[in-house]
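Here's the structure we're looking at; comments come further down.
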Amino acid sequence: KMTKLMQKERNTWEIGGKTLNSRMFIGSALYPSPAVMEASIKASKAEVVTVSLRRQGVNRDAGEGFWKIIRDLGVEVLPNTAGCHSAKEAITIAQMAREVFGTPWIKLEVIGDQYNLQPDPYETVEAAKVLVKKGFEVFPYTTDDLVVAKKLVDAGCKILMPWGSPIGSGKGLMNPYNLKAIREAFPDMPLIIDAGIGKPSHAIEAMELGYDGILLNSAVALAQDPAAMAKAFAMAVEAGRTGYEAGAMQEREFASPSTPTVGTPFWHQEK
């Protein structure tokens with residue numbers, strides 16, 4: 001029992017004033033049905049689920065049914081400003097989301113390019129400045145640009161969410177060097193890889209870089225078996241984090257035997 005308690009305490013971490021056990025955040029869009037979404041969230045063991053205020057406003061009855069599922073799961077809700085293209089629009093949606101969902105958390109998305117859904121750095125930083133002053137805990141979706149990351153921190157953000165690659169692309173980590181640079185620049189800040197994760201191996205790579213967690217949606221929702229894929233990602237995130245904490249061996253340019261030969265008996269034939 002003591003071992004299990006110690007293990008649980010080791011796995012806990014803090015972000016945005018909350019203590020969590022899971023390092024996986026999961027989205028609530030694109031699933032073939034509410035039942036599949038519910039099963040997938042459960043299988044992922046995620047304790048934070050992103051929701052879109054815009055999507056919930058399309059159909060009142062559907063929105064209430066969706067909200068009941070999320071509420072019954074007992075997870076933390078991270079509303080987002082998906083679909084916004086200006087700081088003004090994102091600020092308005094964030095304020096509405098705080099009233100609807102009753103949380104100061106907001107995933108800030110301000111899209112600058114409709115083709116690859118790359119965030120607009122100028123509008124994102126401007127919106128972050130205003131939202132921080134209004135008491136929001138801002139989770140900014142950004143690229144892997146270190147300068148933009150620094151601007152967001154200067155704006156008051158205490159969390160950063162750089163992409164691995166464009167939203168929904170499933171390409172994994174396009175620029176591990178850039179992501180590592182952000183990790184090294186902000187060693188004590190919660191960092192979440194948001195967007196582009198397509199396979200469990202991508203999640204492991206992200207966690208091995210020292211990131212605190214990942215946020216994904218399409219990789220689970222569009223899988224042939226979303227619940228099974230969610231479970232696979234849960235294991236991958238845990239494996240990657242454990243590997244990072246354990247400290248991987250340094251790469252070498254030469255081979256080195258894993259079994260020592262000194263002092264080992266050997267046989268030879270007598271002539």
Side-chain angles (χ1 to χ4, degrees), residues 4-31 34-53 55-56 65-82 97-98 100-109 136-141 157-162 164 189-195 197 200 202-204 206-207 210-221 223 226-245:
K4 289 183 178 180
L5 180 60
M6 292 173 64
Q7 180 74 14
K8 183 176 182 180
E9 290 178 350
R10 187 178 68 82
N11 290 339
T12 60
W13 64 298
E14 293 187 2
I15 185 169
K18 303 284 186 179
T19 299
L20 304 174
N21 294 301
S22 171
R23 292 178 177 273
M24 179 173 166
F25 292 15
I26 193 167
S28 58
L30 305 176
Y31 295 92
V36 172
M37 179 196 72
E38 181 178 9
S40 299
I41 294 174
K42 287 180 178 178
S44 74
K45 298 182 180 179
E47 296 169 297
V48 177
V49 175
T50 60
V51 297
S52 171
L53 180 65
R55 189 165 61 85
Q56 297 316 308
F66 167 88
W67 183 233
K68 183 179 185 305
I69 292 174
I70 297 298
R71 189 169 57 244
D72 290 346
L73 286 169
V75 295
E76 299 290 342
V77 173
L78 176 58
N80 64 40
T81 62
R98 180 160 61 179
V100 171
F101 298 110
T103 177
W105 282 14
I106 192 72
K107 178 188 171 186
L108 176 60
E109 293 184 35
F136 283 88
E137 189 69 70
V138 180
F139 292 63
Y141 163 58
C157 294
K158 300 176 182 178
I159 299 159
L160 294 174
M161 301 181 72
M189 179 175 290
L191 301 179
I192 308 294
I193 295 293
D194 177 17
I197 299 293
H202 298 159
I204 292 175
M207 300 305 292
Y211 275 70
D212 297 282
I214 64 167
L215 192 162
L216 52 83
N217 191 168
S218 300
V220 170
M229 185 61 75
K231 181 179 179 180
F233 270 109
M235 293 188 289
V237 169
E238 183 176 352
R241 181 64 187 188
T242 303
Y244 169 73
E245 292 176 344

Please test Arg98 against Ile106 for side-chain contact (heavy atoms from CB on, under 4.5 Å), starting from the C-alpha separation and ending with a verdict.
-> CA-CA 8 Å; Arg98 180 160 61 179; Ile106 192 72; over 6 Å; no
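- Ser28 and Met37 make their closest contact through O-SD, 3.6 Å (heavy atoms, listed as atom of the first residue, atom of the second, distance).
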Stepwise, does the side-chain contact (heavy atoms from CB on, under 4.5 Å) test hold for Leu216 with Met24?
-> CA-CA 8 Å; Leu216 52 83; Met24 179 173 166; 3.8 Å; yes
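- Looking at Thr81, its side chain does come within 3.5 Å of a backbone N or O of Glu109 through a donor-acceptor pair.
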Stepwise side-chain contact (heavy atoms from CB on, under 4.5 Å) check, Ile70 with Ile41 = CA-CA 9 Å; Ile70 297 298; Ile41 294 174; 4.2 Å; yes
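- Of all the heavy atoms in Pro140 and Ile159, the pair that sits closest is CD-O, 3.0 Å.
- A search for salt bridge (charged side-chain N to carboxylate O under 4.0 Å, His left out) contacts involving Lys158 returns nothing, not counting sequence neighbours.
- Counting heavy atoms from C-beta outward, Leu108 and Phe136 have side chains that stay 4.5 Å or more apart.
- Residues that satisfy the side-chain contact (heavy atoms from CB on, under 4.5 Å) test with Ala236, not counting sequence neighbours, are Pro200, Ala203, Ile204.
- Applying the side-chain contact (heavy atoms from CB on, under 4.5 Å) rule to Ala221 yields the partners Leu30, Tyr31, Asn217; only residues at least two apart in sequence or on another chain are considered.
- Listed here is the closest heavy atom pair of Tyr141 and Ala195: CE1-CB, 4.0 Å.
- The closest side-chain heavy-atom distance from Ile26 to Phe233 is not below 4.5 Å.
- With sequence neighbours excluded, the residues forming a side-chain contact (heavy atoms from CB on, under 4.5 Å) with Arg241 are Arg23, Met207, Asp212, Tyr244, Glu245, listed by chain and number.
- In this structure, CD on Glu238 lies 9.0 Å from OG on Ser22, to the nearest 0.5 angstrom.
- Between the side chain of Thr50 and the main chain of Leu78, no donor-acceptor pair closer than 3.5 Å is present.
- Just one of Leu215, Val75, Leu20, Val77 meets the side-chain contact (heavy atoms from CB on, under 4.5 Å) condition when paired with Val48; it is Leu20.
- The side-chain contact (heavy atoms from CB on, under 4.5 Å) search around Lys231 returns Ala43, Met235, not counting sequence neighbours.
- For the pair Asp194 and Lys107, the tightest heavy-atom approach, listed with the atom from each and the gap, is OD2-CE, 2.9 Å.
- Residues Glu47 and Asn21 share a closest heavy-atom pair of OE1-N, 2.6 Å.
- Ala230 and Ser40 make their closest contact through CB-O, 3.3 Å (heavy atoms, listed as atom of the first residue, atom of the second, distance).
- In this structure Phe139 satisfies the ring-ring contact (aromatic ring centres under 6.0 Å, His included) test together with Trp105, sequence neighbours excluded.
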